[in-house]
Amino acid sequence: MSARGNFSSRLGFILAAAGSAVGLGNIWKFPFEVADGGGAAFVLIYLIFAFVLCFPVMVTEVAIGRKTEKNPIGAFNSLGFSRWNIIGKLGILCGVLILSFYNVVAGWAFGYFIEMILGNFEVGNSFGDFTSNVIKVGSYAVVFMLSTSYIVSKGVSGGIEKLAKILMPTLIIMILSLVIYSFTLENAMEGVKYYLVPDLSKLTNVNTIGGALRQAFFSLSLGMGALITYGSYLSKKENIVTSAAMITLFDVGIAFIAGLMMFPLVAYNLGGEMSNVQGGPGLIFVTLPGVFETLGPILGIVVGAFFFLLLSFAALTSTVSLLEVPVSYVVDEYKVKRKRAVAIMAIIIFIIGLPSLAGNGYSAFFTNAFNLPGGSSDFMTLVGYITDVLLMLGGFLIVTFAAYVWKKENLEAEIAQGYEGYKDSIIRKLLNFCITYLCPVVLALLFIMVVLNNFFGINLLG
Ligand code: TRP
């Protein structure tokens with residue numbers, strides 16, 4: 001074990017990275033992005049992007065991290081290209097911004113755990129009142145930031161690994177059980193159709209394509225160096241390609257079954273009228289409590305509370321990875337003690353998150369003062385859009401850097417460590433093609449398309 005700390009095993013790394021990937025992005029964000037993006041067409045494009053565009057970025061991030069054993073800024077310095085450390089700087093900024101609002105939503109999930117214990121199934125119908133109560137949701141957000149800080153202060157192998165190990169399997173079983181239950185409800189099949197049978201005309205829609213890519217990056221924790229940081233704790237003996245493949249499959253798989261659980265429930269609530277689907281950040285918080293209520297008072301409380309508890313834990317392994325990035329930077333580069341770095345960062349991030357906390361009903365200004373082409377938006381949605389495009393930009397810059405500046409031969413050599421026979425494999429040819437041509441070109445084009453569409457209302461696809 002090096003002085004920086006290492007994952008104790010390959011499984012440890014995979015679990016921690018999967019723990020970072022699997023979170024609110026899969027269970028809270030994915031279903032509402034599907035609803036906003038038009039259903040099954042979105043799902044189809046999302047799946048393609050995750051494997052063709054995101055997986056190569058993931059391999060590249062992990063390889064850069066493992067090669068340098070550094071945080072996302074230090075990594076570029078140590079490869080000798082300190083000008084490119086702007087990627088790391090953007091990444092850290094982006095991580096700070098994401099955590100600032102993510103922590104608020106995680107607080108909601110935790111708050112719902114409490115509401116479920118109290119048997120308050122009505123909370124779904126008064127979600128707006130719930131989020132406007134800043135004292136309450138603010139306290140939950142404090143609890144969440146403290147829990148995250150506690151785990152990060154223990155270091156990677158101590159805290160993160162252990163948590164992920166128990167949590168993931170339980171969460172999957174829970175969601176699968178709910179999938180089965182949701183299928184027994186009236187109109188369930190309308191939901192499944194909406195989720196799985198694509199409306200082909202939507203395949204060329206800017207919001208569908210752009211949303212799918214934004215979601216894929218966010219869900220896989222890519223584009224801001226989180227996986228450079230986790231890769232920096234990975235042993236040279238491990239196979240980066242198979243590890244990344246497992247993380248991708250795992251994350252995409254969980255999002256997929258979360259959707260399979262949600263849409264039958266939504267269809268049940270809407271009486272099968274899927275044209276009335278409303279997306280937006282309230283989707284799971286509005287839909288689920290009523291469904292738990294149908295299970296009867298006792299089972300409803302047990303299942304509901306357990307569900308939101310697991311969701312909170314899934315969020316926790318993600319907030320941990322988000323906080324780890326700026327903390328590892330401060331620890332590595334300024335030689336600050338880990339505990340102190342955690343405290344400083346947590347306080348700064350919490351403060352940056354206050355407008356997101358207030359912008360869900362409490363403060364009229366932060367709730368709708370921001371003009372986007374799609375209509376007026378709240379602060380949290382705006383920050384989410386900004387960080388989403390920063391992730392795409394980061395992903396583009398990372399592959400471009402690896403292919404053309406660091407050079408693909410060096411990247412290959414790093415990937416080949418722990419992967420016997422990589423040099424002669426088809427995988428190598430495919431990955432090279434993606435990293436040198438496909439990803440840089442397609443990511444650049446999609447980045448431009450999304451920025452023009454989401455911030456300037458210019459639709460390149462007509
Ligand atoms: N992927 C996590 C989720 O789906 C969120 C997350 C954690 C993240 N770390 C990240 C997103 C780094 C982008 C970058 O909930």
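Ligands are counted one by one from 1 in listed order, and the atoms in each one are counted from 1 as well. Only a predicted model underlies this, so the values are computations on that prediction, with no experimental measurement involved.
Polar contact check, Ala226 against ligand 1: no nitrogen or oxygen pair lies under 3.5 Å apart. Looking at Leu220 next to ligand 1, no N or O pair under 3.5 Å apart turns up. In terms of polar-atom proximity, Leu24 is counted as a contact of ligand 1, with an N or O under 3.5 Å from an N or O of the ligand.
Side-chain contact annotation: Thr68 with Ser78, donor-acceptor N/O pair under 3.5 Å absent. Side-chain contact annotation: Asp378 with Thr367, donor-acceptor N/O pair under 3.5 Å absent. Counting only N and O atoms by type, the side chains of Asp36 and Asn207 include no donor and acceptor under 3.5 Å apart.
Taking every heavy atom of Met224 and a limit of under 4.0 angstrom, the matching atoms of ligand 1 come to 12 (C), 14 (C). For ligand 1, the atoms lying closer than 4.0 Å to a non-hydrogen atom of Ser321 are 7 (C), 9 (N). Here is the list of ligand 1 atoms found below 4.0 Å of a heavy atom in Ile98: 13 (C). Every atom of ligand 1 with a heavy atom of Ser219 under 4.0 Å away is listed here by number and element: 1 (N), 4 (O). Listed by number with element, the atoms of ligand 1 under 4.0 angstrom from any heavy atom of Ser318 are 2 (C), 7 (C), 15 (O). Contact atoms of ligand 1 toward Gly25: 3 (C), 4 (O), 15 (O) (distance under 4.0 Å to a heavy atom of the residue).
Summary of contacts: the protein heavy atom closest to atom 11 (C) of ligand 1 is Phe218 O, 3.2 Å. Summary of contacts: the protein heavy atom closest to atom 8 (C) of ligand 1 is Ser221 OG, 3.5 Å. Atom 2 (C) of ligand 1 has Ser20 O, 3.2 Å as its closest protein atom, hydrogens excluded (heavy atom only). The nearest heavy-atom contact from the protein to atom 4 (O) of ligand 1 is Ala21 O, 2.8 Å.
Look at Lys236 and Glu414 and you find a salt bridge, because one of the NZ, NE, NH1 or NH2 atoms lies within 4.0 Å of a carboxylate O, short of that distance. Ion pairing between Arg66 and Glu238 fails under the 4.0 Å rule for side-chain N and carboxylate O.
Here CE of Met345 is found 8.5 Å from CG of Leu323. Values are rounded to the nearest 0.5 Å. Within the model, atoms CZ of Phe401 and CG of Leu411 stand 10.0 Å from one another, a figure rounded to the nearest 0.5 Å.
Distances shorter than 4.0 angstrom occur between a heavy atom of Tyr102 and an atom of ligand 1.
Considering only heavy atoms from C-beta on, Pro264 comes within 4.5 Å of Val192 through its side chain.
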Ring pair (Phe, Tyr, Trp, His ring centres under 6.0 Å) assessment of Phe217 paired with Phe49: CA-CA 9 Å; Phe217 265 84; Phe49 283 170; 9.2 Å; no
